[in-house]
2 protein chains.
Amino acid sequence: MVAQRPYSDLIDRLKAAGLRPTRQRLALARLLFENGDRHLTAEQLHGEAMAARVPVSLATVYNALHQFTSTGLLREVIVEPGRSYFDTNVTDHYHFFHEDSGQLEDIAGEDVRLSALPLPPKGKRIRRVDVIIRVNCGD
Amino acid sequence: MVAQRPYSDLIDRLKAAGLRPTRQRLALARLLFENGDRHLTAEQLHGEAMAARVPVSLATVYNALHQFTSTGLLREVIVEPGRSYFDTNVTDHYHFFHEDSGQLEDIAGEDVRLSALPLPPKGKRIRRVDVIIRVNCGD
DNA sequence: GTGATTGCAAATCTTTTGCACTAAA
DNA sequence: TTTAGTGCAAAAGATTTGCAATCAC
């Protein structure tokens, strides 16, 4: 059982990322980072904020998600057209995507071995390698 | 130099997929399949159709792309939020995604070795494994 | 003919934007 | 203060839908 922590951790994390720890960002950061590894859409996070009686506008949720992503606090995962998921696990890892339910599930980086990767095209640098294993319940 | 073929190939392909070879579908199939491996968005294909003086509505392009995809003539590739690419190469292979230009590039299946894959969750079947190598021109 | 297909315009959905207001430093 | 951040409502895109007109068989 981990004791309920003061928000100073998160405040420091936001500051370290160069983001002012505003009430909204702090509340969203709590929802995101105090509940283990999560995969959320903007809508879902906004819904959770509303449920937690944290008044935040959807626009602010989008802003925060993108700011968190570009400062490395989150990672964006794209598996469906027209919807982005944000992953609180920013370590090297891959995903199962459950097509039936729309759920994402982490796969530890060491559970996938990419033993041969092609060289990047000339002048290009590999930014990231995404591996998405799409699964469903038979046909 | 490959001789210009009659459309009977494509007509047969459409019929085999259970799709009536209508003027529109045939024209789109020609644009898609008579130009090598391609990665196109609906907008792009629609633009090509217009340029080729083939009057097709955007809605019909979307219909055709989805019908082609669900019958295995095309494969949908999702790399950017809010835009779908359709790949005429339906063999096993992976992709480079050029973040700077938005271009997709095929990687032959044998150029990536996935030597260890996790078991799918209970009751689930692996539908497909997507590997996307995101590259850009450094910073 | 008859059912599949098309085209158009409107609707939907997610995400972005502009700008006045508010709050953090 | 001063500048970053927020909220709202409107705008922007991509995609979808409903339905009458049209086409393939």
Side-chain angles (χ1 to χ4, degrees), chain A residues 7-8 10-31 39-50 52-71 73-74 76-86 102 104, chain B residues 7-8 10-29 31 39-50 53-71 73-74 76-86 102 104:
Chain A
Y7 309 160
S8 53
L10 287 175
I11 291 178
D12 290 345
R13 226 163 140 187
L14 291 175
K15 282 185 178 169
L19 299 172
R20 283 188 187 177
T22 63
R23 186 167 44 75
Q24 292 86 339
R25 291 211 268 236
L26 192 49
L28 295 175
R30 292 195 66 205
L31 290 170
H39 305 92
L40 292 171
T41 64
E43 262 327 322
Q44 287 169 348
L45 181 57
H46 185 244
E48 292 197 0
M50 300 313 264
R53 307 195 160 287
V54 177
V56 200
S57 76
L58 187 54
T60 296
V61 171
Y62 274 104
N63 283 340
L65 286 173
H66 288 141
Q67 291 154 349
F68 289 5
T69 298
S70 57
T71 56
L73 265 34
L74 287 179
E76 190 173 3
V77 182
I78 301 164
V79 286
E80 285 189 306
R83 192 199 324 296
S84 278
Y85 289 82
F86 293 87
L104 277 171
Chain B
Y7 309 161
S8 54
L10 287 175
I11 291 177
D12 291 345
R13 228 165 138 185
L14 290 175
K15 283 184 177 168
L19 299 171
R20 283 189 186 174
T22 63
R23 185 166 44 74
Q24 291 86 338
R25 291 211 267 236
L26 192 49
L28 295 175
L31 291 170
H39 304 92
L40 291 171
T41 64
E43 275 306 340
Q44 287 169 347
L45 180 57
H46 185 245
E48 292 198 0
M50 301 312 266
R53 306 195 161 288
V54 177
V56 200
S57 76
L58 187 53
T60 295
V61 172
Y62 274 104
N63 284 340
L65 287 173
H66 288 142
Q67 292 153 349
F68 290 5
T69 299
S70 57
T71 56
L73 264 36
L74 287 179
E76 189 173 3
V77 183
I78 302 164
V79 285
E80 286 189 308
R83 193 200 323 295
S84 278
Y85 288 82
F86 293 87
L104 277 170

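Chain identifiers are assigned alphabetically (A, B, ...) following the order of the sequence lines, protein sequences preceding nucleic acid strands; residue numbering begins at 1 within each chain. All figures in this text were calculated on a predicted structure; none of them were measured in a lab.
Across all strands, P81(A) comes closer than 4.0 Å to no nucleic acid atom at all (heavy-atom distances). Among the atoms of the strands shown, only primed sugar atoms or phosphate atoms (P, OP1, OP2) are found under 4.0 Å from some heavy atom of R83(A). Residue S84(B) is classed as a sugar-phosphate contact, given heavy-atom separations below 4.0 Å to backbone atoms only. The residue H66(A) sits close only to the backbone: its heavy atoms come under 4.0 Å of sugar-phosphate atoms, none of a base.
For the residue pair T60(B) and Q24(B), no side-chain donor N or O sits within less than 3.5 Å of a side-chain acceptor on the partner. Counting only N and O atoms by type, the side chains of Q44(A) and Y85(A) include no donor and acceptor under 3.5 Å apart.
Side-chain nitrogen and oxygen atoms of Y62(B) include none within less than 4.0 Å of the OP1 or OP2 phosphate oxygen of dT16(D). For R25(A) and dT6(D), the shortest distance from a side-chain N or O to OP1 or OP2 is below 4.0 Å. At dT6(C), one or more side-chain N or O atoms of T22(B) fall inside 4.0 Å of OP1 or OP2 (strictly under the cut-off). Note on S57(A): every side-chain N or O is 4.0 Å or more away from OP1 and OP2 of dT6(D).
Summarising the geometry, the separation between CD1 on I78(A) and C1' on dA14(D) is reported as 15 Å, rounded to the nearest angstrom. Rounded to a whole Å, the CG atom of L19(A) is 19 Å from the P atom of dT3(D). Remark: C1' of dT6(C) and CZ of R20(B) are 12 Å apart, rounded to the nearest angstrom. Remark: P of dA4(C) and CZ of R23(B) are 20 Å apart, rounded to the nearest angstrom. Between the P atom of dA4(C) and the CG atom of L14(B) lies a distance of 17 Å, rounded to the nearest Å. One interatomic measurement links the two molecules: CG of L58(B) to C1' of dA10(C), which rounds to 14 Å at whole-angstrom precision. Put simply, CG on L65(A) is 9 Å from P on dT15(C), counting in whole angstrom units. For K15(A) and dA4(D), the NZ to C1' distance is 15 Å, given to the nearest whole Å.
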- Message: Could you go through F86(B) and V77(B), starting from their C-alpha distance and side-chain angles, then the distance that decides it, and tell me whether this counts as side-chain contact (heavy atoms from CB on, under 4.5 Å)?
- Response: CA-CA 6 Å; F86(B) 293 87; V77(B) 183; over 6 Å; no
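For R23(B), the salt bridge (charged side-chain N to carboxylate O under 4.0 Å, His left out) test picks out no residue, with sequence neighbours left out.
A 4.5 Å side-chain heavy-atom check between R83(A) and P81(B) finds every atom pair outside the cut-off.
Nearest-nucleotide positions on DNA chain D for Q24(B) and E43(B) put E43(B) closer to the 5' end.
Checking dT15(D), dT17(C), dA25(C) against the side-chain heavy atoms of A59(A) singles out dT17(C) as nearest.
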